[in-house]
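Just below is one structure, and these are the notes that go with it.
Side chains included, hydrogens not; waters and symmetry mates left out as well; all remaining heavy atoms used.
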Amino acid sequence: MTPGDLAALGGRRSRRGAGPACVPGPDHRSGLQVDADGRAVVDEYLRSVSDERILAVGDCAAVPGARFACALALPQAAHGVDTLVRPTEDRVPEPYSPCYVARAVTLGRKNAVGQFTRPDDTLRRGYVTGRTAVVIKEMASRGGKYGARTGTGA
């Protein structure tokens, strides 16, 4: 990608426009290598292993070392933008490294459980339950929606 290509995209480091763009399944004829779940296989820079000009992030990407988590899509998107921009600034792309905070499960509208993790996703002893966990989970969910809508928060 060149600075001219970036100008064609609006000339800014936009984090907007994220949305589902998954490969429909392993039998899709896109030419992209996908895993058994139909997710695009990417390298440590979030580039498709089939074509490094294509980046994939979020649930539709099989990111090395990452698990499904709503909190990862925006950081992956921001890293993808950096991966595109760095070569235009004569800088080398850096590998993506997920950084986790917690795991959470909502159990209906009034109950949830969350357990804190280390950045490498290993579990810590601390946890929250009940309405407190619901409020935290809801704040995280609303923050993600707000960030996707406004292009902020990544």
Side-chain angles (χ1 to χ4, degrees), residues 6 9-10 12-86 93-154:
L6 286 176
L9 293 172
R12 61 178 187 235
R13 295 178 196 198
S14 176
R15 292 183 179 140
R16 294 179 187 220
C22 293
V23 178
D27 61 344
H28 186 64
R29 293 183 175 94
S30 69
L32 292 180
Q33 181 179 339
V34 296
D35 67 4
D37 296 320
R39 299 179 300 155
V41 178
V42 297
D43 64 13
E44 65 272 18
Y45 303 101
L46 306 179
R47 301 177 302 200
S48 167
V49 297
S50 304
D51 185 340
E52 68 178 29
R53 298 172 300 169
I54 298 172
L55 283 91
V57 300
D59 291 346
C60 62
V63 178
R67 63 171 164 87
F68 280 119
C70 62
L72 293 182
L74 286 175
Q76 285 177 9
H79 189 84
V81 169
D82 289 340
T83 296
L84 288 172
V85 170
R86 283 177 165 273
E94 295 182 353
Y96 172 73
S97 178
C99 185
Y100 298 97
V101 177
R103 293 182 184 197
V105 176
T106 303
L107 307 166
R109 298 289 298 158
K110 297 182 180 182
N111 206 355
V113 61
Q115 186 164 6
F116 299 106
T117 65
R118 293 177 185 82
D120 68 357
D121 204 30
T122 56
L123 297 174
R124 294 180 182 266
R125 291 184 62 141
Y127 63 92
V128 291
T129 61
R131 283 299 292 161
T132 302
V134 169
V135 169
I136 292 170
K137 180 92 165 105
E138 185 66 23
M139 287 172 51
S141 180
R142 287 183 186 195
K145 289 176 190 172
Y146 176 80
R149 193 171 58 251
T150 62
T152 61

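In terms of heavy atoms, Gly108 sits closest to Thr106 at O-CG2, 2.9 Å. When every heavy atom of Leu72 is checked against every heavy atom of Ala66, the shortest pair comes out as CD1-CB, 4.2 Å. Heavy-atom minimum distance, Ala56 versus Ala40: CB-CB, 4.0 Å. Taking both residues in full, the closest heavy atoms of Gly65 and Pro98 are given as O-CG, 3.6 Å, listed atom of the first, atom of the second, then distance. Closest heavy-atom contact between Ala102 and Thr117: N-OG1, 3.3 Å. Contact between Leu55 and Tyr45 at its shortest, heavy atoms only, is CD2-O, 4.1 Å.
Between atom CG of residue Leu84 and atom NE2 of residue His79 there is a gap of 10.0 Å, rounded to the nearest 0.5 Å. Within the model, atoms CG of Asp59 and CD of Gln76 stand 8.5 Å from one another, a figure rounded to the nearest 0.5 Å.
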Subject >> Verdict with supporting geometry, Val63 and Leu46, side-chain contact (heavy atoms from CB on, under 4.5 Å) >> reply: CA-CA 7 Å; Val63 178; Leu46 306 179; 3.7 Å; yes

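The salt bridge (Lys or Arg N to Asp or Glu O under 4.0 Å) check on Glu44 picks up nothing, with sequence neighbours excluded. Checked against side chain to side chain contact (heavy atoms under 4.5 Å, CB included), Ser48 has the following partners two or more places apart in sequence or in another chain: Leu32, Ser50, Ile54. Arg86 meets the salt bridge (Lys or Arg N to Asp or Glu O under 4.0 Å) test with Glu94; sequence neighbours excluded. Partners of Val49 under the side chain to side chain contact (heavy atoms under 4.5 Å, CB included) rule, at least two apart in sequence or in another chain, are Gln33, Val41, Asp43. Partners of Arg67 by side chain to side chain contact (heavy atoms under 4.5 Å, CB included), not counting sequence neighbours, listed by chain and number: Ala69, Tyr100, Arg103, Asp121. For Gln115, the side chain to side chain contact (heavy atoms under 4.5 Å, CB included) test picks out Leu123, Tyr127, with sequence neighbours left out.
Between Arg118 and Asp120 there is no salt bridge, since none of the side-chain N atoms of the basic residue sits less than 4.0 Å from a carboxylate O of the acidic one.
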